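In the text below, chain A, chain B and the rest are named by the order of the sequence lines, each starting its count at 1. Nothing here was measured: the structure is a model prediction, and the numbers come from that model. Heavy atoms only: backbone and side chains are in, while hydrogens, waters and symmetry mates are out.
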Number of protein chains: 2
Amino acid sequence: MRVLGIDPGLERVGWGVLDKAGSQLKVQGYGLIKTPKVAAQDRFLQIHEEVTAIIKKHRPERLAIEKLFFAKNQTTVMDVARASGVIILAAAQSGLEIHELSPPEIKKGVTGVGNADKKQVQFMITKILGLKETPKPDDVADALAIAAAHAMRPDFR
Amino acid sequence: MRVLGIDPGLERVGWGVLDKAGSQLKVQGYGLIKTPKVAAQDRFLQIHEEVTAIIKKHRPERLAIEKLFFAKNQTTVMDVARASGVIILAAAQSGLEIHELSPPEIKKGVTGVGNADKKQVQFMITKILGLKETPKPDDVADALAIAAAHAMRPDFR
């Protein structure tokens, strides 16, 4: 089973692709979609195209994406929500199953603790995936954590 | 100049197409996209397809869409924001210019008053467009109000 994890955003979209075979997770690829400071619609177009291209290249069967909640920075949350709609659309158009995970589900899935801090999540995801270094920037590490948290769920099939 | 106005949503998306010739507004069509209570991604797929079909049929040059702000019902706002991203993407893929209007801009554009109530907006949009009855449901009247408010801007070109 191959999972594409995405940490959604308007300026930066982190992504990571994992295979699960038995209880093992194996990294297939990861990276960052970065959009320039142009009008939102042009950034949506770019995100839609790049996510579609990543799916075409890596052929994941599922998308695992962060479920959005309200934060202090309301303008950013609205942008992230709109970009998230575009990403989910791209995945649905490619026939992927969509799974949304809340931040505590992601943290608990990777570290065992629902309120783990960012450093701990990054430490654990690096260990779990057998990487030499934590992937940078944070958006990429977060995307891998989202994919891993989904793939390591006890009810994952 | 032909404008597609959209009142975004996940369950209901109101739309209306207006022509502006000189100072006259003429209705070309309006309607409602209604999605069943299925998974969000399937609703995004439907909204994307139907918006694309409306654009193909009516060939507007611009999209006027409500700019989203935070409301009390936070879950709904997040859904509307994601659907809004999908709608803006569909318009951008068809080459439309995108214009976002805040609720006070829409109300002021149609009634002259930024805090006009819903009834007043519906009364005025019916008069301005020379319709015999107010289009139903509210989402459709709102979509026409969004298009009209954009088309009646003093700096509209």
Colleague: With rounding to the nearest 0.5 angstrom, report the CD1 to CG distance, I88(B) to D42(A).
Modeller: 11.5 Å
Colleague: Rounded at 0.5 Å granularity, tell me how far CG in L89(B) sits from CD in E49(A).
Modeller: 9.0 Å
Colleague: Going hydrophobic residue to hydrophobic residue with side-chain gaps under 4.5 angstrom, can you get from V140(B) over to L18(B)?
Modeller: yes
Colleague: Tell me the closest heavy-atom pair linking V86(B) and G85(A), and the distance in Å.
Modeller: CG2-O, 3.4 Å
Colleague: Just wondering, are more than 12 heavy atoms of other shown residues or ligands nearer than 6.0 Å to NZ in K20(A)?
Modeller: yes
Colleague: Are F123(B) and Y30(B) connected into the same hydrophobic cluster when the rule is that any two of I, L, V, M, F, W, Y join if their side-chain heavy atoms are below 4.5 Å apart?
Modeller: yes
Colleague: What's the verdict on side chain to side chain contact (heavy atoms under 4.5 Å, CB included) for M78(B) and M78(A), showing C-alpha distance, side-chain angles and the deciding distance?
Modeller: CA-CA 8 Å; M78(B) 207 56 106; M78(A) 206 57 104; 5.7 Å; no
Colleague: Taking atom NZ as the centre, does K67(A) end up with more than 12 heavy-atom neighbours from other residues, nucleotides or ligands that are less than 6.0 angstrom away?
Modeller: yes
Colleague: Is I55(A) reachable from L63(A) through a run of I, L, V, M, F, W or Y residues, each pair having side-chain heavy atoms under 4.5 Å apart?
Modeller: yes
Colleague: Report the distance from atom CD of Q41(A) to atom CD1 of I65(B), rounding to the nearest 0.5 Å.
Modeller: 10.5 Å
Colleague: Nearest 0.5 Å please: distance from the CD1 atom of I87(A) over to the CZ atom of R82(B).
Modeller: 11.0 Å
